[in-house]
2 protein chains.
Amino acid sequence: MISNKAKYAFRALLAVAAAPEGESLTSAEIARRYNIPHKFLEQILLDLKKAGILDSRRGKSGGYVMLRPADTISFGEVLRIFEGPLAPLPCLSRQSYRRCEDCVSEATCEIRREFGRAYDASRQVLDSRTIGDALADSPYGGNAGQERRLVG
Amino acid sequence: MISNKAKYAFRALLAVAAAPEGESLTSAEIARRYNIPHKFLEQILLDLKKAGILDSRRGKSGGYVMLRPADTISFGEVLRIFEGPLAPLPCLSRQSYRRCEDCVSEATCEIRREFGRAYDASRQVLDSRTIGDALADSPYGGNAGQERRLVG
DNA sequence: CTTTATCTCTACCTGTTAAATAGGGATATG
DNA sequence: CATATCCCTATTTAACAGGTAGAGATAAAG
């Protein structure tokens with residue numbers, strides 16, 4: 001299971017990305033809309049800002065906007081911000097490789113091989129699908145991060 | 001990352017499954033071979049027994065043997081014993097479904113949809129690949145759970 | 001029938017993390 | 001200058017990971 005923190009981050013990102021071009025969204029509004037504890041959400045939005053994904057405006061009529069286009073932000077990237085490495089085994093992580101204490105030979109390790117396959121399969125999805133894709137595929141057809149399509 | 005507990009369980013299972021037909025393997029031997037804390041491993045082996053995967057013999061010259069053939073035991077099944085549901089979101093778990101508090105509409109939830117894809121991809125691997133498969137594909141060509149192949 | 005090697009069971013311990021909660025400080029707008 | 005917002009840090013509570021510890025049950029060997 002992914003953490004609530006990560007899930008709230010996706011909610012927030014999708015909401016900000018789906019907002020009309022140029023309009024900002026406040027943490028309070030997002031929290032209300034999705035029933036997320038407000039102060040907790042603030043921390044999360046701050047993390048997204050520090051990661052260079054969101055930008056913010058302070059003061060009255062402040063709020064959050066996308067800093068990068070939604071279709072350049074993959075689910076994998078966001079997940080890694082909040083969950084750390086996605087690899088199921090330390091020896092499978094490119095970013096933060098660590099040897100397994102109980103491993104006799106990495107090259108022949110069956111566990112590593114099988115989980116490597118599972119990891120590849122899941123990464124294929126998470127690192128290719130973006131926030132923009134998710135909105136575009138949405139029933140309501142959000143269109144953040146790309147040109148507007150004519151509907152009808 | 002999967003827990004050490006689960007990883008140790010796979011080590012143990014693969015070792016027992018790879019043992020010559022009819023021979024049992026002691027927890028001490030497995031612990032020594034893979035540098036796993038012995039008492040911790042004992043708990044794990046007990047869990048595998050309670051799950052109906054391993055059988056055990058007590059007393060001198062005791063040890064563990066497979067209760068079911070290795071090629072009927074998927075990585076997913078074992079993982080679920082030690083990690084609980086594999087679904088990345090509670091609303092994606094068939095076995096222990098739970099609604100997300102912050103979800104407005106499950107049918108249109110972009111998070112659910114995207115993680116559903118990732119989950120499907122990873123489950124495709126974990127629920128189809130078995131301990132027996134993993135040994136068969138091994139460089140050294142273990143052959144537990146199926147007829148012996150001639151190596152020439 | 002005693003010793004010894006094994007599995008079985010239960011309790012406990014320590015550090016880390018999840019999931020908030022709390023309380024203010026900084027800043028922009030009206 | 002009042003208010004609404006974002007910004008930052010500390011604290012709390014519960015659960016969980018990853019063991020450690022000690023004793024009991026059982027079976028084989030001598």
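Heavy-atom basis, side chains included; hydrogens, waters and symmetry copies ignored. These numbers were taken from a predicted model, which means no experiment stands behind them. Lettering follows sequence order; numbering is per chain, from 1.
In this entry the distance linking NZ of Lys50(A) with C1' of dC6(D) reads 12 Å, nearest Å. Atom pair Ile2(A):CD1 and dA18(C):P shows a separation of 12 Å (rounding to whole Å applied). Following rounding to the nearest Å, Glu101(A) (CD) and dG18(D) (C1') show an atom-to-atom distance of 13 Å. Between the CZ atom of Arg32(A) and the P atom of dA4(D) there is a distance of 17 Å, given to the nearest Å. The CZ-C1' distance, from Arg58(A) to dA26(C), rounds to 5 Å in whole Å. Counting to the nearest Å, the C1' atom of dA19(C) and the CG atom of Asp102(B) are 13 Å from each other. Per the geometry, CG belonging to Leu41(A) stands 11 Å off P belonging to dA20(C), to the nearest Å. Rounded to an integer number of Å, the gap from OH of Tyr34(A) to C1' of dA19(C) is 21 Å.
A donor-acceptor contact under 3.5 Å is not formed by the side chain of Lys39(B) with the base of dG19(D). Residue Glu29(B) places no side-chain atom within donor-acceptor reach of the base of dT6(C), judged by atom type and a 3.5 Å distance cut-off alone.
Using a cutoff of 4.0 Å between basic side-chain nitrogens and carboxylate oxygens, Arg113(B) and Asp133(A) are not scored as salt-bridged. Taking 4.0 Å as the cut-off between side-chain N and carboxylate O, Arg99(A) and Glu106(A) do not count as a salt-bridged pair. Lys50(B) has no carboxylate O lying under 4.0 Å from a charged side-chain N of Asp47(B), or vice versa, which leaves the two without a salt bridge.
When distances run from any side-chain atom of Leu46(B) to the nucleotides dT20(D), dC9(C), dC8(D), the shortest one goes to dC9(C). For Gln43(B), whose side chain is taken as the heavy atoms from C-beta onward, the closest listed nucleotide among dT10(C), dA4(D), dT5(D) is dT10(C). Each of dA28(D), dA20(C), dC8(D) was ranked by its minimum atom distance to the side chain of Phe40(A); first place goes to dA20(C). Here the side chain of Ser61(B) is nearest to one of dT27(C), dC7(C), dA28(D), namely dA28(D). Among dT6(C), dA28(D), dA4(D), the nucleotide with an atom closest to any side-chain atom of Lys60(A) is dA4(D). Which of dC8(D), dT8(C), dC6(D) sits closest to the side chain of Glu42(B) comes down to dT8(C).
The residue among Leu25(A) and Asn4(B) whose nearest nucleotide of DNA chain D is located toward the 5' end is Leu25(A). Residues Pro37(A) and Gly62(B) each lie close to DNA chain C; by heavy-atom proximity, the contact nearer the 5' end of the strand is made by Gly62(B).
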Query raised in the report: Does the pair Asp127(B) and Arg80(B) meet the rule for a salt bridge (charged side-chain N to carboxylate O under 4.0 Å, His left out), with working shown?
Result: CA-CA 10 Å; Asp127(B) 283 343; Arg80(B) 271 180 252 262; 2.7 Å; yes

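Within the structure, a side-chain polar atom (N or O) of Ser56(B) is placed less than 4.0 Å from OP1 or OP2 of dT8(C). Phosphate contact (OP1/OP2 of dT8(C), side-chain N/O of Lys49(B), threshold under 4.0 Å): present. OP1 or OP2 of dG19(D) sits under 4.0 Å from a side-chain N or O of Tyr8(B). Residue Thr26(B) has no polar side-chain atom (N or O) positioned under 4.0 Å from OP1 or OP2 of dT6(C).
Heavy-atom neighbours of Glu77(B) CD from other residues, nucleotides or ligands within 6.0 Å: above the threshold of 12.
Remark: Arg11(B) is not positioned above the aromatic ring of Tyr8(B), lacking an NZ or CZ atom under 6.0 angstrom from the ring centre and at most 45 degrees off the axis.
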